[in-house]
2 protein chains.
Amino acid sequence: MGTVSNVINRPEAVLPQTRARVLAAIEELGYVRSESARQLRAGRSRIMALLVLDMGNPFFVDVARGAERAARAAGLGVMVCNSGQSPTEEAEYLGLFAEQRVCGVLVTPADATGRNLEAFSRHRIPFVLVDRVASGTGTCAVSVDDVRGGALGVGHLVSAGHRSVAYVSGPGDLHQIRDRREGALSALADAGLPPEALVEIPSDRLDVAAGRDAGARLLGLVPRPTAVFCANDLLALGVLQALYAAGVRVPHDIAIVGYDDIEFAAAAAVPLTSVRQPAVVMGRMAAELLLEEADDEGGTHEHRSVVLQPELVVRASSATPR
Amino acid sequence: MGTVSNVINRPEAVLPQTRARVLAAIEELGYVRSESARQLRAGRSRIMALLVLDMGNPFFVDVARGAERAARAAGLGVMVCNSGQSPTEEAEYLGLFAEQRVCGVLVTPADATGRNLEAFSRHRIPFVLVDRVASGTGTCAVSVDDVRGGALGVGHLVSAGHRSVAYVSGPGDLHQIRDRREGALSALADAGLPPEALVEIPSDRLDVAAGRDAGARLLGLVPRPTAVFCANDLLALGVLQALYAAGVRVPHDIAIVGYDDIEFAAAAAVPLTSVRQPAVVMGRMAAELLLEEADDEGGTHEHRSVVLQPELVVRASSATPR
DNA sequence: GGTGCGCAATGAATCGATTCATTCCCCTAG
DNA sequence: CTAGGGGAATGAATCGATTCATTGCGCACC
C-alpha cells in the first residue's frame, strides 16, 4: 500500500493520525519491511561487498573494520568475503556479488591478470581496488606506497649498520611483494650497497607457519645476514619464533623488521619493528570512494587513485646491533 | 519467461536445441539472474548471517572459516558481522538480518539477557547459538564445555605445583568467562586448595591491551601468584608481554595458560600453553545445524545442543617451575 | 451557494524470477 | 481419418515495496 510506504519513507507527507494508525498496525503485526522487494524495485541492494585475500591476517580485519564503519554510516551492510588468494574463489565470489546486485565491491585482487575484474566490470557494478594501484584511470583505487614501505624498512636496517639483509617474500604474483622488494633494493642502493646485499628467502604463503619455515632457512644461510625484512608481520612473527627457538637473540644477533604493524606485532615478546600501513583508513577511504561512485547518477564520477603513505614504527626487534 | 527459468533450474525439461538457444542469448546479453527477485518469490535469501563478538579475535575468524566452508558447500553466502560485544549493535544487526530475510543466523550473543534474541525469534528466522549453551530446548546451539576448559587450564597449573593462580577474566556478563572461572575453582577444590587460591584480576575487555593492563596489575600483587590463567589468548599475550617487559621470566617466575589456542598463541616467542577450542569445527557444526533447521519444511526439526570438548595444549609458557 | 484549489489517501503499474495452468503440436492408435 | 495423449513452450499470477497518477474531501473565495 502506498500510504504505508509513505509513513516509512516520507512521514511528513502523511497526517499525524494516519501515521499513528499505520505505525500501530506495524507494531501489532510485527511487520518488517522486505529488503528483497525494495532491492528488486531499486535495482540494487544496500549491501557492499568486501573481498580480501586472507581474513586470517589482522591487516585485512582492520581494513574490514574501516570499510564497515564507513558503510554503516551510510546505512549499508557489508559482506566480507575471503578469496584466499585464489583467482577461482575470487571469480566465484564476484559472480555471487553480481547476482546479489550489491551496490559495490571493494576488492584486493587475487588474480594478477585482472581478467576476473575485467569480466566483472561488464555488470556495471562499481568497484574499488584496495591495497593495489589502478592499472588505468578506469577504476578507483586506494593503496599504500609499497616501494616506499620497503625502502623505509630496509633503510632503517641499513642505517643501523646492517650490510646484509634477508628478504622473506611471499607469492611472487602479488604486486605488494614485488614493490616492497623494489623499495628494499633502492634503500640498499642509496646506501651504496649492491643488490646482492638483499638475500631473498622465497615463501609461497604469507602466514606464521611460512615464517617459521623461512626462519629455519635463514639460519642455514652462510654467511648469515644480520637482519631480516619480512613481507608482512605474520612472516615476521614466524621468523622471530624460529630464531628464538634456535637460541638466536633478537635484535642482538639478528634484527627483524615486519610489515603491516598488526596488533600482534606490538604484542610480541620482542615487540616488532614494522612498517605500518593505515589499514583502517584504507578501508574507510575505499568505502567512501565506492559510495561516491555508487551515488553518482549523472556519470560525473571521476575515478581516483589514492596512495597512502606507510610509516616506520621502530620497536625492540631492530634496536642497534653489536 | 518461464522457459528461461526452466533452462536454468530444470535443464532436462527443455529440448536441447531450445536450451542451446536460450543459453546463447544469455551469453550474448550478459544476463545475470537477479537474486532479489528470486528472494522475493522464495521469501528468504540465500545468505546466512554470522554475528560474532569480535572479528579482531582470531578465534572468531576461525569460527567464520568453518561456517563459511559449510555454507558455501550448500551454495549459500555468508555475511559476517561484528557486534563488538554491544547489545545495541547486536540488536541493530539482527534488525538488518530480519529485513534481509537471511535464511538463518549464527550468533554469539552479546546480550546476556537474551532479550534481543527473544525479539528476533518472532521473525521465524532460524538461528543457532554459537559458543553458548541453549537456555531451553527451543534453540539449537553449539558450544564448548567452558567449565571443563577452565578445569583443564588450572588443573594443569595446580598439578605442576602452583598454589596460587591469578585469573585474568573479562566482561562479567559473558557466560564463557564465568564458566571458565567455575572450572578453575573446581580444579582448585579437587586439589584441596581453597577458593582464595584463585586471585581474580578483572578486565572489561578481551584484547591484548587489556592483557597488558592485567599483567601490570598482576605484578603489583602481594603475594604474587606463581601462575596466571587467562580467559583468552589475547589477554595471555598481553600479560606475557607485560611480564617480559618487566623482566619477569616465563615460565620460570610465572607460568601462563591462555584459552582458545589461536594461531598467535603457538607463534609467541614463549609459545603459550592454551586450552584449545575447536573453533573451525564449531563454525561448521553450527552452520550445519542451521541448514538442517532451515531446510526443514514439515516442522520435524528437533533442536539440538552440541557441546564440544576443549583440549589442553601444553607449550613452553607453563613448563614446570622451580 | 457554487466553483476551484490543494492536501491526503488510494490504486495501479513496476521490478524479475518462479510456478502452474493452459495451449500447442505432433505422433500414435483405434 | 480422427480422437486422444504426452512432451514442450507459453502466459498469467505471484511475491512486496515503491512511485506516480488519480480520486476524494474539505475549505475558502467569489
Side-chain angles (χ1 to χ4, degrees), chain A residues 1-47 74-77 95-104 122-126 294-295 297-298, chain B residues 1-47 74-77 95-104 122-126 294-295 297-298:
Chain A
M1 202 195 307
T3 305
V4 175
S5 179
N6 283 334
V7 167
I8 294 173
N9 302 315
R10 298 147 54 202
E12 75 285 357
V14 176
L15 281 192
Q17 56 164 8
T18 316
R19 198 189 318 158
R21 220 150 34 94
V22 172
L23 289 175
I26 283 179
E27 179 64 27
E28 186 182 333
L29 297 174
Y31 165 89
V32 176
R33 143 179 92 181
S34 155
E35 262 298 309
S36 341
R38 308 186 70 193
Q39 278 175 34
L40 178 57
R41 193 92 229 296
R44 59 171 155 139
S45 90
R46 297 161 53 76
I47 289 185
L76 299 178
L96 187 69
F97 298 157
E99 288 198 347
Q100 298 281 347
R101 301 283 195 277
V102 295
C103 62
R122 290 194 220 294
H123 301 306
R124 329 196 132 272
I125 295 178
D295 288 346
E297 301 290 327
Chain B
M1 200 195 308
T3 305
V4 175
S5 178
N6 283 334
V7 168
I8 295 175
N9 301 315
R10 298 148 53 204
E12 74 285 358
V14 177
L15 280 192
Q17 55 162 14
T18 316
R19 197 189 317 157
R21 219 150 33 94
V22 172
L23 289 175
I26 284 180
E27 180 64 29
E28 186 182 332
L29 297 174
Y31 164 88
V32 176
R33 142 178 93 183
S34 154
E35 261 300 308
S36 343
R38 309 187 68 192
Q39 278 175 35
L40 177 57
R41 192 92 229 297
R44 61 175 153 130
S45 89
R46 297 160 52 76
I47 289 184
L76 299 176
L96 188 69
F97 298 159
E99 287 197 347
Q100 299 280 349
R101 303 283 196 279
V102 296
C103 65
R122 288 194 221 296
H123 300 306
R124 330 194 133 274
I125 294 178
D295 289 345
E297 301 290 325

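Numbers restart at 1 for each chain; the letters A, B, ... are given by sequence-line order, proteins then strands. What's counted below: heavy atoms across the whole structure, side chains too, no hydrogens, waters or symmetry copies.
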Exercise. Any idea which heavy atoms bring A/Ala98 and A/His123 closest together, and the distance?
Worked result: CB-CD2, 3.6 Å
Problem set entry | A/Leu40 versus B/Leu40, closest heavy-atom pair with distance | CD2-CD2, 3.3 Å
Seminar exercise, completed: Residue pairs meeting salt bridge (Lys or Arg N to Asp or Glu O under 4.0 Å), one or both in residues 1-22 of chain B, sequence neighbours left out, come to none
Problem set entry | Shortest non-hydrogen contact between B/Ile125 and B/Val102, atoms and distance | CG2-O, 3.6 Å
Seminar exercise, completed: Per-helix bend value, the helix from C/dG1-D/dC30 to C/dG30-D/dC1, C1' rotation axes over five pairs per end, 10° rounding, shows 70°
Seminar exercise, completed: Distance col, row B/Ser45:OG vs B/Gln39:CD, nearest 0.5 angstrom, shows 4.5 Å
Problem set entry | From CG (A/Leu15) to CG (A/Asn6), nearest 0.5 Å | 11.5 Å
Exercise. For DNA chain D, whose closest nucleotide is more 5', that of A/Asn6 or that of B/Thr3?
Worked result: B/Thr3
Problem set entry | Range on DNA chain C touched by chain B - first to last nucleotide, heavy-atom distance under 4.0 Å | C/dG16 to C/dT19
For this session: Would you please name every residue forming a side chain to side chain donor-acceptor pair (under 3.5 Å) with A/Ser5, sequence neighbours left out?
Result: A/Asn9
Problem set entry | Sorted by number, the residues of residues 30-41 of chain B with heavy-atom contact under 4.0 Å to DNA chain D | B/Leu40, B/Arg41
Exercise. With A/Arg33, which residues qualify under salt bridge (charged side-chain N to carboxylate O under 4.0 Å, His left out), at least two apart?
Worked result: B/Glu99
Exercise. Looking only at heavy atoms, which two atoms of A/Arg44 and A/Ala294 are closest? And how far apart?
Worked result: NH2-O, 3.2 Å
Exercise. Can you check whether A/Arg38's main-chain N or O pairs, donor with acceptor, with A/Arg46's side chain at less than 3.5 Å?
Worked result: no
For this session: Carefully, step by step, assess B/Ile47 and B/Glu35 under the rule side chain to side chain contact (heavy atoms under 4.5 Å, CB included).
Result: CA-CA 10 Å; B/Ile47 289 184; B/Glu35 261 300 308; over 6 Å; no
For this session: Could you identify which residues of residues 7-27 of chain A place a heavy atom less than 4.0 Å from some atom of DNA chain D, listed by residue number, or say none?
Result: A/Asn9
For this session: Report the residues that fulfil salt bridge (charged side-chain N to carboxylate O under 4.0 Å, His left out) with B/Arg101, sequence neighbours left out, ordered by chain and then residue number.
Result: none
